[in-house]
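Report on one structure; see the data block that follows.
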Protein chains: 2
Amino acid sequence: METSDTLNNRDKLLLAAIDLMAEKGYKGVSTKEIAAAAGVSEMTLFRNFGSKLNLLEAAVDRYHYSGEMQMIFNEKIVWDLRTDLLLIGQAYHEIMNRNRKMILIVLKDHELSGLRDKSQKHPRQLQEMLTNYFKTMQQQSKLIPTNAEAQAITFMWMNYGAFMSKLLSGESITSVTMQEFMESSIELFARALTP
Amino acid sequence: METSDTLNNRDKLLLAAIDLMAEKGYKGVSTKEIAAAAGVSEMTLFRNFGSKLNLLEAAVDRYHYSGEMQMIFNEKIVWDLRTDLLLIGQAYHEIMNRNRKMILIVLKDHELSGLRDKSQKHPRQLQEMLTNYFKTMQQQSKLIPTNAEAQAITFMWMNYGAFMSKLLSGESITSVTMQEFMESSIELFARALTP
DNA sequence: TTTAAATGTTAGTGATCACTAACAGCGAGA
DNA sequence: TCTCGCTGTTAGTGATCACTAACATTTAAA
């Protein structure tokens with residue numbers, strides 16, 4: 001774990017909590033364990049956060065990312081299907097990977113579903129933006145007319161499946177690299193949807 | 001929960017354990033809770049299974065499905081891409097849905113990864129069969145030449161993502177039905193890969 | 001009816017959990 | 001130097017956990 005010495009105790013505890021909870025689940029790790037991993041006493045944990053749940057909430061507040069997708073759709077789209085899908089796909093995997101541990105934590109404990117919204121609200125937003133993107137591309141006759149919403153969710157589920165597979169079974173299932181997958185899947189969309 | 005009265009105590013306990021563990025995780029449910037849900041005393045649980053972990057292992061042994069995909073590839077393939085992908089996709093979702101609770105249980109507890117192999121060994125098998133299917137279709141000139149393995153994993157991840165999304169966030173994320181998704185995604189493969 | 005196996009009841013084990021009280025050591029700013 | 005806020009240590013709370021011992025009760029086959 002090795003939470004660096006340059007951090008203050010609060011941050012050491014937050015990072016240790018994220019690591020351990022992502023590995024063993026919220027219920028699977030004790031406050032004593034977290035404090036030990038952070039290199040502080042258990043009392044410091046309670047003095048700083050009051051309760052185990054507060055600690056997790058503080059961690060989610062502090063170390064979770066969102067809103068970048070919006071920027072990409074607003075500024076980086078060039079209205080070329082291959083280019084745009086690659087950009088969106090790469091951004092998606094980057095964001096999901098940064099939120100990896102958070103996703104694992106809320107995944108493992110049903111009672112934490114209140115936090116799930118925070119760490120997983122973007123999918124809905126992404127689906128809307130992607131649907132609008134496909135619709136616009138169709139209006140510009142750059143894509144054949146299809147159910148834009150279904151295409152959007154297909155693209156998302158494809159990448160979500162890839163991410164979750166790597167997340168849960170750790171690389172081992174296939175010899176296909178993420179790079180190959182991205183190229184192949186985008187080529188699939190391009191061949192199928194361009195006139 | 002309402003585990004029927006016609007079952008013997010062993011099966012009542014197995015079903016209650018599966019339900020509760022899928023909902024609250026292995027650690028999230030107590031033996032007392034499981035016994036109560038099964039309508040028997042806690043002692044009956046320990047007399048039948050010895051330990052909580054034995055109970056889960058017995059449940060996985062008894063109520064998990066696999067091997068059907070093999071039969072489909074051996075007997076039901078007609079070498080028409082749309083027909084075959086629809087069949088495979090539907091079978092995939094049926095199998096995953098039947099194993100739904102098992103998947104949730106092992107998902108939520110890292111220490112149960114020993115059981116994960118049992119309930120998730122088919123993906124690797126499926127990927128092989130699907131890759132061989134695409135290769136054969138290419139040799140028959142029914143598909144354009146592409147990276148068959150990448151196509152196979154793309155098809156699987158697409159459906160895995162759809163399944164996991166429904167499993168974890170319960171229908172709510174999109175208005176696209178499973179039926180629409182299947183049609184749209186298979187049409188995607190057909191348009192992209194047929195000459 | 002007798003008998004034996006399965007089950008229920010009760011009360012308890014020791015371990016672990018989240019969390020607290022009380023006090024002592026410490027370093028930095030005054 | 002004094003003080004104050006942060007920290008560590010120790011010892012503990014009461015709750016819950018998986019699991020057990022001992023005995024009473026039910027059930028069904030013989």
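First the proteins, then the strands, lettered A, B, ... as listed; each starts at 1.
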message: Counting the atoms with a prime plus P, OP1 and OP2 as sugar-phosphate, which does A:Asn54 contact under 4.0 Å by heavy atoms, base, sugar-phosphate, or nothing?
response: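 Result for A:Asn54 = nothing.
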- prompt: Reckon B:Ser41 touches a base, only the sugar-phosphate, or nothing at all at heavy-atom distances under 4.0 Å?
  reply: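 Since a base atom lies under 4.0 Å of B:Ser41, the category is base.
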Under 4.0 Å from OP1 or OP2 of [N]: is there any side-chain N or O of [X] that close?
X: B:Asn8; N: C:dA6; result: no
X: B:Asn9; N: C:dA6; result: no
X: A:Thr44; N: D:dT7; result: no
X: B:Asn48; N: C:dT7; result: yes

Interatomic distance, [X] [atom1] vs [N] [atom2] [rounded to whole Å]:
X: B:Met43; N: C:dT7; atom1: CE; atom2: P; result: 11 Å
X: B:Leu53; N: D:dA18; atom1: CG; atom2: C1'; result: 12 Å
X: A:Tyr26; N: C:dC17; atom1: OH; atom2: P; result: 14 Å
X: B:Met21; N: D:dC17; atom1: CE; atom2: P; result: 13 Å
X: A:Leu56; N: C:dA18; atom1: CG; atom2: P; result: 13 Å
X: B:Leu13; N: C:dG8; atom1: CG; atom2: P; result: 9 Å
X: A:Leu45; N: D:dT7; atom1: CG; atom2: C1'; result: 13 Å

Nearest to the side chain of [X], which nucleotide is it out of [options]?
X: A:Lys52; options: C:dA18, C:dT9, D:dT9; result: C:dA18
X: A:Thr31; options: C:dA18, D:dG8, D:dA18; result: C:dA18
X: A:Phe46; options: C:dA18, C:dG8, D:dT10; result: C:dA18
X: B:Glu42; options: D:dC19, D:dA21, C:dA18; result: D:dC19

query: Under 3.5 Å, is there an N or O donor on one side and an acceptor on the other linking the side chain of A:Arg47 and the base of D:dG5?
result: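 Donor-acceptor pair under 3.5 Å: no.
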task: Ignoring hydrogens and angles, tell me if any N or O in the side chain of A:Asn48 forms a donor-acceptor pair with the backbone of A:Asn9 under 3.5 Å.
output: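 No.
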Polar contact flag, side-chain donor to acceptor under 3.5 angstrom, B:Gln90-B:Glu94: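 There is no such pair between these side chains.
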query: Just checking, is any N or O donor in the side chain of B:Glu42 or B:Thr31 under 3.5 Å from an acceptor N or O on the other one?
result: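 The answer is yes; a qualifying pair exists.
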message: Quick check on the 6.0 Å ring-centre criterion: do A:Trp79 and A:Tyr133 meet it?
response: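 They qualify: ring centres under 6.0 Å apart.
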query: More 5' along DNA chain C: A:Gly50 or A:Glu33, using each one's nearest nucleotide?
result: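 Going by which nucleotide is closer to the 5' end, it is A:Glu33.
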message: Taking the six-membered ring of A:Tyr26 as reference, does the cationic atom of A:Lys108 (NZ for Lys, CZ for Arg) lie under 6.0 Å from its centre and within 45° of its axis?
response: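 Checked: cation-pi criterion not met.
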